[in-house]
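Presented below is the structure to which this report refers.
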Amino acid sequence: MFEVISEIFSAPVLVRALIVGILVSLCAALLGVSLVLKRFSMIGDGLSHVGFGALAVAAVMNLAPMAVAIPVVIVAAFLLLRLSSNSKTKGDSAIALISTSALAIGVMANSMSNGMNIDINSYLFGSIISVSGGDVITSVILALVVLIIFVFFYTKIFAITFDESFAKATGTNTNVYNMLIALLTAITIVIGMRLMGSMLISSLIIFPALCSMRVFKSFRAVTVCSAAISVVTFVVGMMISYIADTPCGASIVCVNIVVYAVFFVVGAVLSRSKKS
Amino acid sequence: MSLIKTTNLTLSYENMTVIKDLNFEVSPGDYLCIVGENGSGKSTLVKALLGLKKPVGGSIEFGDGLWQNEIGYLPQQTNAQRDFPASVYEVVISGCLNSRGIRPFYSARERGIAAENMKRLGISELKNRSYRELSGGQQQRVLLARALCATRKILLLDEPVTGLDPMVTAEFYGLISQINRDGVTVIMVTHDMSAAVKYASHILCMREDDFFFGKTEEFLKSDASDFLKGGDKGV
């Protein structure tokens with residue numbers, strides 16, 4: 001056990017992945033509680049596909065991946081938010097439309113660039129060695145910004161998540177805060193995507209929130225517990241991935257499945273013992 | 001000086017005029033019930049009073065030092081809320097947000113207001129319970145406490161007794177009357193005609209093309225009340 005840990009810490013690539021991963025897990029879990037409760041989890045999924053398309057296109061055009069992906073995903077986030085809060089259009093089909101389109105564009109861009117060394121597999125399912133030195137600084141700064149903004153606006157995020165019409169009536173500009181949540185989600189997805197893979201990043205948003213909602217009953221407890229679950233499952237998943245030589249993103253999601261099962265059982269036992 | 005006064009207020013919903021030339025006013029201490037059939041524009045009027053909808057014509061004026069965001073609003077419950085992990089305390093104190101502006105976190109003053117309103121509604125011992133585990137009547141009290149945190153002057157209740165059983169409904173009406181006697185002005189949108197005439201001091205009865213506004217006694221003498229009792233009084 002200690003050998004594994006000391007090995008991980010002696011490899012700069014792994015240390016970088018660990019730092020970025022823990023911060024991204026934290027951001028994703030905090031935002032996840034609000035997104036799941038607002039029934040916006042599909043937006044996270046849609047955004048990760050858009051991110052994949054943006055990364056693939058950036059690679060083909062030889063542009064910096066983050067510089068292209070972040071603005072594109074932010075624009076997509078606002079668009080998806082508009083679509084899903086507007087009851088006249090079918091929000092869920094719009095999300096499917098946008099995400100599959102982005103996926104297709106990404107695959108096309110990738111196939112046109114034959115000869116270039118783009119590993120589509122690592123885009124889709126993540127790669128631990130994809131986090132370069134420059135990325136770490138950008139990712140750490142962005143993740144800290146997300147965390148600070150979340151803590152600063154925590155009370156407002158609670159209010160608009162619980163009851164948007166009341167928040168609006170008492171003078172909170174709910175549109176601004178909805179856009180803020182979408183913006184933070186977009187940033188989180190882009191920084192986490194290369195590590196987790198665009199197919200798996202949305203699990204970081206959804207799993208911890210759903211786990212803690214099974215057991216905990218106040219918004220604060222659910223938020224804190226989600227953050228803890230998210231960080232623990234990331235670290236455990238990464239260690240499993242290192243020891244068993246399995247893909248990092250998939251290992252983390254598998255750990256999340258186990259944790260969800262445990263919380264499901266604990267939640268069921270707790271609610272039964274309360275009733276009897 | 002009245003708290004709220006509308007002058008020839010005209011409102012539309014999806015480009016259709018639902019309210020035309022509506023005039024009424026609410027003075028401090030009033031208990032106004034807004035009654036009317038579905039589709040008569042009650043919800044649209046509520047939105048306009050809260051500033052979520054702009055009038056097409058006419059005006060809504062706020063007086064006596066009342067700001068629009070100081071209306072304590074009790075919205076109709078949504079399904080998403082019934083399964084929401086939040087403690088009673090978290091919900092109640094979120095009513096204090098309108099006085100906080102951009103500043104994060106709550107101060108001791110707001111924690112005091114929340115505690116006082118929970119005590120006032122008899123839900124202090126539920127403070128750490130989860131909102132989703134409460135009965136319908138208890139949930140309604142929690143939302144009422146939150147509304148009281150947002151205001152000291154006026155409450156706007158949107159069909160507050162929907163889904164409550166008769167006992168709890170009676171209790172809830174008693175509570176509203178008590179709050180009204182304590183000096184909080186009440187505006188309540190309701191389908192419950194008998195409760196409206198029993199508790200309200202003023203009635204605003206909305207129909208498709210006209211409306212009645214006046215004291216409850218006047219309302220009972222007028223044609224408008226016959227109409228809502230199913231027309232059996234005039235026979």
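Below, all heavy atoms of this structure are taken into account, side chains as well, without hydrogens, waters or symmetry copies. As the structure is a computational prediction, the values presented were derived from the model and not from experiment. So you know, we letter chains A, B, ... as the sequences are listed, proteins then strands, and number each from 1.
- Summarising the local packing, CZ of R220(A) is surrounded by 12 or fewer heavy atoms from other residues, nucleotides or ligands at distances under 6.0 Å.
- When each of S87(B), S94(B), G95(B), A86(B) is checked for heavy-atom pairs under 4.5 Å with chain A, A86(B) comes out on top.
- Of the two parts of V91(B), the backbone and the side chain both hold a non-hydrogen atom closer than 4.5 Å to a non-hydrogen atom of chain A.
- Taking non-hydrogen atoms and a 4.5 Å limit, the residue list of residues 124-135 of chain B in contact with chain A, ordered by number, reads S130(B), Y131(B), R132(B), E133(B).
- Atom-to-atom distance recorded for Y73(B):OH and F166(A):CZ is 10.0 Å, nearest 0.5 angstrom.
- Looking at A150(B), only its side chain comes within 4.5 Å of chain A, counting heavy atoms on both sides.
- Using a 4.5 Å cut-off on side-chain heavy atoms (C-beta onward), P85(B) and M213(A) make contact.
- Looking at S212(A), there are no atoms closer than 4.5 Å to chain B (heavy atoms on both sides), in backbone or side chain.
- When the heavy atoms of residues 150-158 of chain A are compared with those of chain B, the residues falling under 4.5 Å are V151(A), F152(A), F153(A), Y154(A), T155(A), K156(A), F158(A), listed by number.
- Within a 6.0 Å sphere centred on NZ of K5(B), heavy atoms belonging to other residues, nucleotides or ligands number 12 at most.
- The number of heavy-atom neighbours closer than 6.0 Å to OH of Y13(B), taken from other residues, nucleotides and ligands shown, is 12 or below.
- Contacts with chain A (heavy atom to heavy atom, under 4.5 Å) involve these residues of residues 141-148 of chain B, listed by number: L143(B), R146(B), A147(B).
- Within residues 19-36 of chain A, no residue has any heavy atom closer than 4.5 Å to a heavy atom of chain B.
- Across all non-hydrogen atoms, the minimal contact from I71(B) to T170(A) is O-CG2, 4.1 Å.
- Judged by distance alone, the side chain of E90(B) and the main-chain N or O of F219(A) form a donor-acceptor pair under 3.5 Å.
- Heavy-atom distances place no part of Y89(B) under 4.5 Å from chain A, backbone and side chain included.
- Atoms CG and CZ, from D163(A) and F84(B) in turn, are 9.5 Å apart once rounded to the nearest 0.5 Å.
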